[in-house]
Trainee: 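Have a look at the structure that comes next, please.
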Amino acid sequence: MSAAQKVVVITGASQGIGAELVKGFRERNYRVVATARSIKPSDDKDILTVAGDIADPDTARRVIAEAVAKFGRIDTLVNNAGVFVAKPFTSYTAEDYATVTGINLTGFFHITQLAIAEMEKNRSGHVVSITTSLVDHANSNVPSVLASLTKGGLNAATKSLAIEYAKTGIRANAVSPGIIKSPMHPQETHAALGAMHPLGHMGEMRDIVDAVLYLDSAPFVTGEILHVDGGQSAGH
Ligand SMILES: NC(=O)c1ccc[n+]([C@@H]2O[C@H](COP(=O)([O-])OP(=O)(O)OC[C@H]3O[C@@H](n4cnc5c(N)ncnc54)[C@H](OP(=O)(O)O)[C@@H]3O)[C@@H](O)[C@H]2O)c1
């Protein structure tokens, strides 16, 4: 293994923004550990795939153990796996609560703990979490308390981690998207969703990838919640 070749772990990497993140980091010559429930093996020898449910702590354990066994180090973790369930508050079921907190929060917690423990050994590393701009501008047309509860928690945890690890060479940042053209949103919804942004259109998956890559190459930036949201968090 080349000592200079960095290693990134990306969750939710089977489709959408996560799959584009895999491409973006490979373009920068990172070795990639990609995980999701339905992730398939790759022909690229610099991509290791590990299938599993990120809400299960055993998935986090396997991903980090296999990453270290194969590539020897972890430089970056991108917490991208996430689900969005929009409902009036009193309509959420116990299953909705368990699903959304399981993937968005428990999924973040276990793999981030294990990844930072590896990063501490090298006194270097970066954790980036994908949250949502909706946290900063709740919309009565899109009631989604579970998104605010979980992704808002990730924004707060990002700042907390940034400060806790600031002296150890480990940075923590978040990218806070507006509504992005990913498989999450069928084509027929794009015009209406685009109109919800001051810039008048949805974002592209590459907008999020570029923001993550910027943060990963920005050694003086930590504790940042980078909004890539067509102006939504600034106002309407
Ligand atoms: N698209 C948007 O408009 C938007 C806006 C704001 C924030 N975001 C955030 O951006 C991130 C990526 O969203 P996306 O639009 O790319 O969504 P997506 O197309 O629905 O992809 C979600 C990814 O998460 C994985 N995933 C879901 N449940 C999982 C589980 N239990 N265990 C492991 N992996 C799981 C999926 O893989 P498997 O099904 O194979 O497990 C898939 O790879 C999410 O955190 C989302 O909240 C998206």
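Each ligand, and each atom within it, is numbered from 1 in the order the structure gives. For this chain, numbers begin at 1 and follow the sequence in order.
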Trainee: Which protein non-hydrogen atom lies closest to atom 31 (N) of ligand 1, naming both residue and atom, and how far is it?
Mentor: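 Heavy-atom neighbour on the protein nearest atom 31 (N) of ligand 1: Asp53 OD1, 2.9 Å.
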Trainee: Check whether any heavy atom of Gly52 sits under 4.0 Å from an atom of ligand 1.
Mentor: yes
Trainee: For atom 15 (O) of ligand 1, what is the closest protein heavy atom, and at what distance to 0.1 Å?
Mentor: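 Atom 15 (O) of ligand 1 sits closest to the protein heavy atom Ser182 OG, 2.4 Å.
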Trainee: Compare Ser14, Ala81, Gly107 and give the one whose heavy atom is closest to atom 43 (O) of ligand 1.
Mentor: Ser14
Trainee: Using a strict threshold of under 4.0 Å (side-chain N to carboxylate O), is an ion pair present between Arg206 and Glu27?
Mentor: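 Between Arg206 and Glu27 there is a salt bridge, with a charged N closer than 4.0 Å to a carboxylate O.
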Trainee: Can you check whether Ile39 reaches Ser14 side chain to side chain, under 4.5 Å on heavy atoms?
Mentor: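 Contact flag for Ile39/Ser14 side chains = yes.
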Trainee: Could you work out, for atom 44 (C) of ligand 1, the closest of Ile179, Ile130, Asn80 by heavy-atom distance?
Mentor: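 Shortest heavy-atom distance from atom 44 (C) of ligand 1: Asn80.
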Trainee: Going by heavy-atom distance to atom 22 (C) of ligand 1, choose the closest among Gly18, Gly82, Gly102, Ser133.
Mentor: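 Among Gly18, Gly82, Gly102, Ser133, the closest heavy atom to atom 22 (C) of ligand 1 comes from Gly82.
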Trainee: State, with a plain yes or no, whether a side-chain heavy atom of Val85 is found less than 4.5 Å away from one of Thr99.
Mentor: no
Trainee: Looking at atom 40 (O) of ligand 1, what's its closest protein heavy atom, distance included?
Mentor: Ser38 OG, 2.5 Å
Trainee: Looking at ligand 1, would Asp56 count as a contact under a 4.0 Å heavy-atom criterion?
Mentor: no
Trainee: Going by heavy-atom distance to atom 3 (O) of ligand 1, choose the closest among Met205, Lys40, His185.
Mentor: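 Looking at heavy atoms only, His185 sits closest to atom 3 (O) of ligand 1.
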Trainee: Over 60° means perpendicular and under 30° means parallel, so tell me whether His137 and His236 are parallel, tilted or perpendicular.
Mentor: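 Taking His236 first and then His137, their aromatic rings sit tilted (interplane angle of 30° to 60°).
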Trainee: Using a 4.0 Å cutoff against the non-hydrogen atoms of Pro183, which atoms of ligand 1 qualify?
Mentor: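 Counting from 1, the qualifying ligand atoms are 19 (O).
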Trainee: Distance to 0.1 Å, residue and atom name: give those for the protein heavy atom nearest to atom 5 (C) of ligand 1.
Mentor: Gly178 O, 3.1 Å
Trainee: Do the charged groups of Arg37 and Asp53 touch, with an N to O distance under 4.0 Å?
Mentor: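 No.
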Trainee: Should Val209 and Phe25 count as side-chain neighbours, where that means a heavy-atom distance under 4.5 Å?
Mentor: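 Contact flag for Val209/Phe25 side chains = no.
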Trainee: Are Tyr30 and Asp216 close enough that a side-chain donor and a side-chain acceptor fall under 3.5 Å?
Mentor: yes
Trainee: Going by the atom numbers of ligand 1, which of them fall below 4.0 Å from some non-hydrogen atom of Ile180?
Mentor: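 Under 4.0 Å from Ile180, ligand 1 has these atoms: 1 (N), 2 (C), 3 (O).
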Trainee: Is a side-chain donor-acceptor pair under 3.5 Å present for Asp96 with Thr93?
Mentor: yes
Trainee: One residue to check: Met202. Relative to ligand 1, which of side chain, backbone, both or neither has a non-hydrogen atom less than 4.0 Å away?
Mentor: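 Within the 4.0 Å criterion, Met202 makes no contact with ligand 1.
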Trainee: Geometry only, no angles: is Ile54 polar-contacting ligand 1 at N/O separations under 3.5 Å?
Mentor: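 Yes, there is a polar N/O contact under 3.5 Å.
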Trainee: Between Pro143 and Phe89, is there a side-chain heavy-atom distance shorter than 4.5 Å?
Mentor: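 Answer no - side chains too far apart.
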Trainee: Which residue and atom name correspond to the protein heavy atom nearest atom 17 (O) of ligand 1, and how close is it?
Mentor: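 Of every protein heavy atom, Met184 CE, 3.5 Å lies nearest to atom 17 (O) of ligand 1.
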Trainee: May I ask you to identify, for Ala13, whether its side chain, its backbone, both or neither come under 4.0 Å of ligand 1 on a heavy-atom basis?
Mentor: backbone
Trainee: Nearest protein heavy-atom contact for atom 25 (C) of ligand 1: which residue, which atom, what distance?
Mentor: Gly12 CA, 3.6 Å
Trainee: Check if Lys181 has a non-hydrogen atom at a distance under 4.0 Å from any atom of ligand 1.
Mentor: no
Trainee: Which ligand 1 atoms, with their elements, are less than 4.0 angstrom from a heavy-atom of Ile103?
Mentor: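 Result: 28 (N), 31 (N).
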Trainee: Could you tell me if Asp229 and Ser133 have a donor-acceptor pair between their side chains, going purely by distance under 3.5 Å?
Mentor: yes
Trainee: Give the residue, atom name and distance (to 0.1 Å) of the protein heavy atom nearest atom 8 (N) of ligand 1.
Mentor: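 Of every protein heavy atom, Thr131 O, 4.0 Å lies nearest to atom 8 (N) of ligand 1.
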Trainee: For Gly16, counting its heavy atoms only, list the atoms of ligand 1 lying under 4.0 Å from any of them.
Mentor: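 Answer for ligand 1: 16 (O), 19 (O).
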Trainee: What protein heavy atom sits nearest atom 19 (O) of ligand 1, and how far away is it?
Mentor: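 Residue, atom and distance for the closest contact: Gln15 NE2, 2.7 Å.
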Trainee: Given that the side chain starts at C-beta and the backbone is N, CA, C, O, which of these parts of Lys151 lies under 4.0 Å from ligand 1, counting heavy atoms, or is it both or neither?
Mentor: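 The answer is the side chain of Lys151.
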Trainee: Hey, are Asn155 and Thr131 close enough side-chain-wise for a donor-acceptor pair under 3.5 Å?
Mentor: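 Asn155 and Thr131 do have a side-chain donor-acceptor pair below 3.5 Å.
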Trainee: Just distances here: any N/O of Ile17 and N/O of ligand 1 closer than 3.5 Å?
Mentor: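 Between Ile17 and ligand 1 (N or O atoms, distance only) the closest approach is under 3.5 Å.
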Trainee: Does a side chain donor of either Asp75 or His126 reach within less than 3.5 Å of an acceptor in the other side chain?
Mentor: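 There is no such pair (donor and acceptor under 3.5 Å, judged by atom type) between the side chains of Asp75 and His126.
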Trainee: Report yes if Ile39 has an N/O atom closer than 3.5 Å to an N/O atom of ligand 1; otherwise report no.
Mentor: no
